[in-house]
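What follows is a short report on a single structure.
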Amino acid sequence: MKQFSMELAGRTLTVEVGRVAAQANGAAFMHYGDTVVLSTATASEKPRDGIDFFPLSVEYEEKLYSVGKIPGGFNKREGKATEHAVLTSRVIDRPMRPLFPKDYRNDVTLNNLVMSVDPDCSPEVTAMLGSSIATAISDIPFDGPIAATMMGMIDGKLVFNPTTEEKNLSDLALTVASTREKVIMIEAGANEIPEDKMIEAIFAAHEMNQKIIEFIDTIVAECGKEKHDYERYEIPADLWADMTSVITAEDMETAVFTDVKQIREENIRQIKDKLEERYAEDHEEWLSMIDEAVYQYQKKTVRKMILKDHKRPDGRDIKEIRPLAAEVDILPRVHGSGMFTRGQTQIMTITTLAPLSEAQRLDGLDTTETSKRYMHHYNFPSYSVGETRPSRGPGRREIGHGALAERALVPVLPTEAEFPYAIRTVSETLESNGSTSQASICASSLSLMAAGVPIKKPVAGISTGLVTGDSDDDYLVLTDIQGLEDFFGDMDFKVAGTRDGITAIQMDIKIHGLTRAIIEEAISRTKEARMYILDQVMNPVISEARTEVGEYAPKIEQIKVDTDKISEIIGKQGKTINSIIDETGVKIDIDEEGHVSICGIDKAAIDKAIKIIRSIVEPIEAGAIYEGKVVRIMNFGAFVQLTPNKDGLIHISKLSKRRVEKVEDVVEIGDLVVVKVLEVDKMGRINLSLMDIIKE
């Protein structure tokens with residue numbers, strides 16, 4: 001067993017190699033403070049047959065014993081991965097995947113087992129570093145290592161790998177992964193951070209990553225295995241020569257040069273049919289390679305058109321955005337709806353409002369985050385791309401896109417005090433051809449404002465792409481990439497924000513990193529496009545939230561009471577609060593700080609419930625007039641319920657100015673009467689008068 005340590009952002013990072021998991025191709029037992037993660041890398045001995053992609057699986061396993069918790073529910077064991085675990089797996093996958101050989105077909109699994117969590121030492125960063133180290137020291141072909149750093153920003157000052165307390169104060173949650181020379185992954189949520197400050201933070205993290213890579217290099221030098229050879233998948237030169245003689249470069253350019261996806265796909269299908277017919281008799285061994293060969297030919301053609309000729313497949317200029325449209329109020333009965341269309345990408349987002357009691361409960365490793373009031377869900381049905389397949393629920397991509405849109409919108413949401421609602425937005429992908437996640441951000445802004453959610457500012461998102469040549473200086477950044485440009489290009493750089501700054505970034509690339517010049521140009525392009533979308537497309541439709549929630553949305557009023565009065569509102573075994581709910585038909589939520597939220601469709605019912613609650617918590621004063629119900633009759637008088645928890649007595653002598661023989665001659669049980677409070681004695685007993693109210 002060998003042990004290696006370095007100081008990382010004021011805490012000790014220790015890596016143990018050879019202590020555990022010896023049968024994995026590579027294993028790193030990671031310690032960062034008291035956070036412990038076991039990272040392993042394994043690969044199959046042989047490639048998987050019949051596939052044309054690299055089968056990489058990245059797992060981030062959250063074990064609740066790591067934070068001293070037993071899982072809830074009947075089963076008492078961890079079930080499927082939480083959304084946070086899925087998102088962390090994606091963040092690890094994105095910088096690792098481009099560094100494996102493109103023609104590697106062996107199954108590879110990177111597993112990260114979170115075994116102990118120190119809240120101030122991120123298990124996510126520890127797992128990212130662990131996956132990099134485990135793969136780098138293994139015999140699996142890999143052009144790494146990578147390193148990753150989280151960045152925060154408090155009062156304009158950058159913080160490396162922030163603690164829990166620092167995260168709560170931070171305006172930035174940024175994760176940057178780097179190779180030895182370039183940035184390979186960016187993931188960010190931000191409170192309207194200006195572009196120049198974001199770039200500063202990205203490259204501060206990049207510099208820190210270089211120190212971590214130097215540390216990893218020392219581990220690889222001592223513990224690294226020789227990389228194994230593998231079966232390479234290449235298009236035979238004879239097949240390529242024959243194909244390009246039959247399908248000329250001009251033919252392929254004509255086939256792909258259209259902005260209608262269905263026409264392009266039909267053109268490519270005809271090319272494949274022609275090749276299959278040609279090779280059916282003389283070159284049967286080539287038939288299984290046609291798909292890959294045509295894919296490579298398309299890719300080469302599209303990249304050449306863009307990079308050398310500055311021609312995009314749909315004929316747009318390099319900076320041109322596809323036709324845009326925005327609408328609101330498409331669905332009549334929902335609480336809010338908005339639709340955003342960009343070329344052949346179309347998203348409709350529906351907003352639903354509910355009491356805070358319907359916020360999502362979280363059961364994960366972060367003990368400081370137990371609920372989520374804003375939920376954004378993203379759906380991607382097969383019809384949106386003209387395909388047919390059964391729905392199996394949200395996959396990792398859908399979860400990731402929903403989380404990105406959620407992260408982009410959280411900074412502009414009103415506080416609970418300003419808007420005491422749980423909020424759910426659902427983005428339905430109606431048509432897809434590039435960057436649906438960013439369209440869902442635009443549609444969600446429209447929908448939230450239409451629903452009357454007082455967001456601080458509208459948020460828009462846009463994606464840029466990249467095609468690179470043979471050198472770092474040979475590249476072209478594309479504004480608003482469509483599906484084909486994403487598929488054959490090198491980058492999908494998504495940036496969302498308001499007029500005043502960035503709220504979210506997600507960068508996916510297929511190459512070994514980006515230079516500072518490319519990142520700066522991409523961020524500049526997205527800002528330019530974002531301003532156009534906000535000013536020219538979204539704001540003319542709806543520029544700020546409506547002043548009231550819609551007709552069919554629940555109305556919520558919130559009042560504050562002393563915490564020692566909460567028990568009086570609830571009553572014994574919930575009797576008091578349930579009686580208010582039964583009488584008015586509203587929902588009532590009370591938190592530990594004395595915030596009482598009353599929710600209902602009918603404003604009059606809400607007002608009535610508020611009046612009752614106020615009567616419970618406010619003291620009964622002599623001289624006050626109340627309406628109450630007669631609940632009990634005795635020989636000496638009648639008891640009247642003034643509030644759900646307070647009864648008063650009308651003595652028989654105070655029932656009327658005339659002599660009363662029997663109480664029942666004046667009132668009966670169930671009667672509603674208006675009474676005056678004569679006094680509240682030292683024992684808290686309330687004496688009432690009916691005769692001082694009745695005019696005879």
Side-chain angles (χ1 to χ4, degrees), residues 186-190 192-195 198-199 202 259 306 312 314 316-326 338-347 349 376 378 400-409 411-412 427 429 431-447 457-467 476-487 489-509 514 518-541:
I186 301 170
E187 181 95 7
E192 297 184 279
I193 297 293
E195 278 71 10
M198 184 65 77
I199 291 169
I202 290 169
D259 63 346
I306 294 171
R312 300 177 72 168
D314 57 6
R316 277 183 294 149
D317 180 73
I318 298 304
K319 294 185 178 182
E320 186 179 348
I321 304 174
R322 288 169 290 174
L324 302 171
M339 188 162 73
F340 186 81
T341 306
R342 187 190 331 103
Q344 290 182 308
T345 292
Q346 186 177 63
I347 300 286
T349 298
H376 188 287
Y378 166 99
H401 278 16
L404 176 59
E406 184 175 293
R407 191 182 313 123
L409 290 158
V412 301
S427 290
T429 305
E431 190 177 0
S432 173
N433 186 8
S435 199
T436 51
S437 66
Q438 300 307 285
S440 72
I441 292 168
C442 299
S444 297
S445 275
L446 297 168
S447 179
K457 299 165 191 171
V459 180
I462 194 70
S463 179
T464 57
L466 175 74
V467 177
L476 199 65
V477 175
L478 306 171
T479 299
D480 178 27
I481 57 171
Q482 60 171 309
L484 189 73
E485 293 165 336
D486 183 10
F487 196 53
D490 297 320
M491 175 182 80
D492 184 6
F493 199 125
K494 311 178 186 80
V495 182
T498 66
R499 289 195 58 80
D500 298 319
I502 293 170
T503 59
I505 293 180
Q506 188 177 93
M507 184 186 86
D508 296 321
I509 63 172
L514 302 181
I518 294 174
I519 291 173
E520 288 181 345
E521 183 172 350
I523 289 178
S524 174
R525 287 279 195 89
T526 57
K527 180 180 181 180
E528 180 182 323
R530 189 170 78 242
M531 296 303 111
Y532 175 80
I533 293 170
L534 287 168
D535 293 342
Q536 303 300 320
V537 183
M538 293 173 60
N539 286 348
V541 174

Are S427 and T349 linked by a side-chain donor-acceptor pair shorter than 3.5 Å?
yes
Could you verify whether a donor N or O on one side chain and an acceptor N or O on the other, from S463 and D492, lie under 3.5 Å apart?
yes
With a 4.5 Å limit on heavy-atom distance, are the side chains of M491 and I481 in contact?
no
Which of these, I462, N539, D480, I441, sits in a side chain to side chain contact (heavy atoms under 4.5 Å, CB included) with I533?
I462
Contact between S435 and R342 at the side-chain level, heavy atoms closer than 4.5 Å - yes or no?
yes
E192 vs R499, test: salt bridge (Lys or Arg N to Asp or Glu O under 4.0 Å). Steps then yes/no.
CA-CA 9 Å; E192 297 184 279; R499 289 195 58 80; over 6 Å; no
Considering all heavy atoms, the nearest L324-I321 contact
CD2-CG2, 3.8 Å
How long is the straight-line distance from CD of Q506 back to CD of E187, given to the nearest 0.5 Å?
4.5 Å
For the residue pair T345 and R322, establish whether any side-chain heavy-atom pair is separated by less than 4.5 Å.
yes
Evaluation steps, side-chain contact (heavy atoms from CB on, under 4.5 Å), between I523 and I199:
CA-CA 8 Å; I523 289 178; I199 291 169; 3.7 Å; yes
Please tell me if the side chains of S445 and L409 come closer than 4.5 Å, counting only heavy atoms from C-beta onward.
yes
Do C442 and M538 have side chains that approach each other closer than 4.5 Å (heavy atoms only, starting at C-beta)?
yes
Would you say the side-chain atoms of S444 and H376 include a donor-acceptor pair closer than 3.5 Å?
yes
Over all heavy atoms of both residues, which pair between G483 and N433 is shortest? Give the atoms and the distance, please.
N-OD1, 2.8 Å
Tell me the closest heavy-atom pair linking A529 and T479, and the distance in Å.
CB-CG2, 4.0 Å
Not counting sequence neighbours, which residues clear salt bridge (Lys or Arg N to Asp or Glu O under 4.0 Å) with D500? List them please.
K457
If I take atom CZ from residue F493 and atom CD1 from residue I519, how far apart are they, to the nearest 0.5 angstrom?
6.0 Å
Give me the atom names and distance for the closest heavy-atom approach of P540 to L534.
CD-O, 4.2 Å
Let me see the working for K494 and I505 under side-chain contact (heavy atoms from CB on, under 4.5 Å), right down to the final yes or no.
CA-CA 6 Å; K494 311 178 186 80; I505 293 180; over 6 Å; no
In this structure, CD1 of I202 is separated from CD of E520 (nearest 0.5 Å) by 9.5 Å
Out of curiosity, D486 CG to D508 CG, how far, rounded to the nearest 0.5 Å?
8.0 Å
Salt bridge (Lys or Arg N to Asp or Glu O under 4.0 Å) involving E485 - partner list, sequence neighbours excluded
R312, R316
Heavy-atom closest contact (L446 atom, G338 atom, distance)
CB-CA, 4.1 Å
Of all heavy-atom pairs between G497 and R530, which one has the smallest distance, and what is that distance?
O-CD, 3.2 Å
Using side-chain heavy atoms (C-beta onward) and a distance below 4.5 Å, is Q346 in contact with M339?
yes
Heavy atoms, side chains only, cut-off 4.5 Å: are L466 and I518 in contact?
yes
So, do T464 and L478 sit near enough that their side-chain heavy atoms are less than 4.5 Å apart?
no
Separation between CD of E320 and OH of Y532, rounded to the nearest 0.5 Å:
9.0 Å
Would Q438 and V495 satisfy side-chain contact (heavy atoms from CB on, under 4.5 Å), going step by step from the backbone distance to the final call?
CA-CA 8 Å; Q438 300 307 285; V495 182; 5.6 Å; no
